[in-house]
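Input: a single structure, listed below in structure tokens.
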There are 2 protein chains.
Amino acid sequence: MIEADIFKALADPTRRKVFEKLAGGSLNASALRDGLEISQPAMSQHLSVLREAGLVREQRQGRFVNYEVDPEGIVAIGTWLARYRAYWPKRMDALADLLKEMD
Amino acid sequence: MIEADIFKALADPTRRKVFEKLAGGSLNASALRDGLEISQPAMSQHLSVLREAGLVREQRQGRFVNYEVDPEGIVAIGTWLARYRAYWPKRMDALADLLKEMD
DNA sequence: GCAACACATAAGCATGTACTTATGTGTTGC
DNA sequence: GCAACACATAAGTACATGCTTATGTGTTGC
């Protein structure tokens, strides 16, 4: 189950910070460390978890590895969220209509 | 940060099963145990985690406690997801429009 | 080739978490 | 009142997880 990996990945605060950084555009592993007080191996491990969850994808560029948000993970969360549309407040109704089409 | 509690709560497979059961309507703690091979205290602890994350809310009814999905948690996830709308595929564009209004 | 660099993997350790059994709290009906 | 019930809390334990240091792999430029 991919959901399991996704929620586990996002349960860690450091990984959420990394993911939010990537929301602004692709970055390599070293750039992602800026600001976060974390060792290089720790970042590498976090990125591995995010990648296996389908939340980020990588692209080798010389000796750098660029990471970016993977839409696959985003869609998986949206699809999961769609199961609970009965409990969304009215201002989220348009979202419900859209996701109904995705079934 | 409420996000932290939400993703931690959903990282556990048993809690996700409980939450999905509640998607079908409110249930008490004993009813939620049906099908899941889990002790009564374990269920109680899981429900406590889900409640503190804002994902479920409870309502005492005699000696039973009814649990139901709390829209607050659903909205929190939707809001979080909105940060990544740049990475949503086109079929989720309507969702983006809606959540833009929520800012 | 080889030194410097960017990143990944291995191994060990400290802390967090999900479970258990035992017990406590509040409600119902006799 | 009190026995039965529904649920919560406490305490202890096994395992998962996120970190560290050490080392491995692949790339660049001289």
Side-chain angles (χ1 to χ4, degrees), chain A residues 1-22 24-70 73, chain B residues 1-22 24-70 73:
Chain A
M1 199 61 143
I2 268 190
E3 283 162 18
D5 297 323
I6 288 180
F7 288 123
K8 271 193 181 184
L10 294 174
D12 182 77
T14 301
R15 282 195 291 266
R16 279 199 310 280
K17 283 179 194 168
V18 168
F19 195 61
E20 282 181 35
K21 278 196 169 195
L22 291 176
S26 77
L27 290 169
N28 61 51
S30 297
L32 282 168
R33 280 184 65 202
D34 292 350
L36 306 177
E37 289 184 4
I38 194 178
S39 68
Q40 176 267 317
M43 175 58 73
S44 183
Q45 287 159 17
H46 281 311
L47 288 169
S48 177
V49 170
L50 287 168
R51 186 168 36 75
E52 280 167 27
L55 286 165
V56 307
R57 56 189 179 191
E58 59 180 63
Q59 198 175 1
R60 185 116 211 169
Q61 222 135 25
R63 51 185 170 177
F64 295 84
V65 178
N66 269 26
Y67 287 89
E68 63 179 0
V69 171
D70 187 343
Chain B
M1 200 62 143
I2 268 191
E3 281 161 18
D5 297 323
I6 289 179
F7 288 124
K8 270 193 181 183
L10 294 174
D12 182 79
T14 302
R15 283 196 290 267
R16 279 200 309 280
K17 284 180 193 166
V18 169
F19 195 62
E20 282 182 34
K21 277 196 168 194
L22 290 176
S26 78
L27 290 169
N28 61 52
S30 297
L32 283 168
R33 282 184 64 202
D34 293 350
L36 307 178
E37 288 185 5
I38 195 178
S39 69
Q40 177 268 317
M43 175 57 74
S44 183
Q45 288 160 17
H46 281 311
L47 287 169
S48 177
V49 171
L50 287 169
R51 184 168 38 76
E52 279 166 28
L55 286 165
V56 307
R57 56 190 178 191
E58 59 179 64
Q59 198 175 1
R60 184 117 211 169
Q61 223 137 25
R63 52 184 170 178
F64 296 84
V65 178
N66 268 30
Y67 287 89
E68 62 179 359
V69 171
D70 188 342

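It should be emphasised that the depicted structure is a prediction, and the values quoted were computed from it without experimental measurement.
- The side chain of A:Ser30 has C:dA6 as its nearest neighbour among D:dT20, C:dA6, C:dT28.
- Side-chain to base pairing of A:Gln40 with D:dT21: no donor and acceptor N or O lie closer than 3.5 Å to each other.
- For A:Lys8, the side-chain atoms get nearest to D:dA16 when compared with the rest of D:dA16, C:dA22, D:dC7.
- Applying the 4.0 Å criterion to OP1 and OP2 of D:dG18, one finds that A:Arg15 has a side-chain N or O inside that range.
- Pair assignment for D:dG12: C:dC19, on the basis of Watson-Crick or G-U wobble contacts that are both within less than 3.5 Å.
- Of the two residues contacting DNA chain C, namely A:Ala31 and A:Gln45, the nearest-nucleotide position lying further toward the 5' end is that of A:Ala31.
- Taking atom CG of residue A:Asp12 and atom P of nucleotide C:dG16, one finds them 13 Å apart after rounding to whole Å.
- Regarding contacts with the backbone of D:dA8, a side-chain N or O of B:Tyr67 is found under 4.0 angstrom from either OP1 or OP2.
- Rounded to whole Å, the distance from CE on A:Met43 to C1' on D:dT21 is 18 Å.
- Considering only the side chain of B:Ser44, D:dC7 comes nearest among D:dC7, C:dG26, C:dC19.
- Across A:Arg57 and A:Val69, no two heavy atoms sit closer than the pair NE-O, 4.1 Å.
- Counting any heavy atom pair closer than 4.0 Å across all strands shown, B:Ser48 reaches no nucleic acid atom.
- The separation between B:Arg33 atom CZ and D:dC7 atom P is 9 Å, rounded to whole Å.
- Look at CD on A:Glu58: it is 11 Å from P on C:dC7, rounded to the nearest Å.
- Side-chain nitrogen and oxygen atoms of A:Asn28 include none within less than 4.0 Å of the OP1 or OP2 phosphate oxygen of C:dA6.
- Between the side chain of A:Arg16 and the backbone N or O of A:Val18, no donor-acceptor pair lies under 3.5 Å.
- For A:Val65, the listed nucleotide lying nearest its side chain is C:dC7; candidates were C:dC7, C:dA4, C:dT21.
- Atom-to-atom, CD of A:Glu37 to C1' of D:dC19 comes out at 14 Å; the value is rounded to the nearest Å.
- Closest to the side chain of B:Phe64, from the set D:dA6, D:dC19, D:dA8, is D:dA6.
- Under 4.0 angstrom from either OP1 or OP2 of C:dA18 there lies no side-chain N or O belonging to B:Ser39.
- In this structure, A:Asp5 atom CG and D:dT17 atom P are separated by 10 Å, rounded to whole Å.
- Dense packing is recorded around NZ of B:Lys21, with more than 12 heavy atoms of other residues, nucleotides or ligands lying under 6.0 Å away.
- A:Arg51 comes within 4.0 angstrom of nothing in the nucleic acid, heavy atoms only.
- Side chain of B:Ala42, nearest nucleotide from D:dT17, C:dC7, C:dT20: C:dT20.
- Computed from coordinates, the A:Arg63 CZ to D:dT27 C1' distance equals 7 Å when rounded to whole Å.
- Across all strands shown, C:dC5 forms a Watson-Crick or G-U wobble pair, both distances under 3.5 Å, with D:dG26.
- Following rounding to the nearest Å, B:Arg16 (CZ) and C:dT17 (P) show an atom-to-atom distance of 16 Å.
- Phosphate proximity of C:dA6 to A:Arg60: absent, as no side-chain N or O sits under 4.0 Å from OP1 or OP2.
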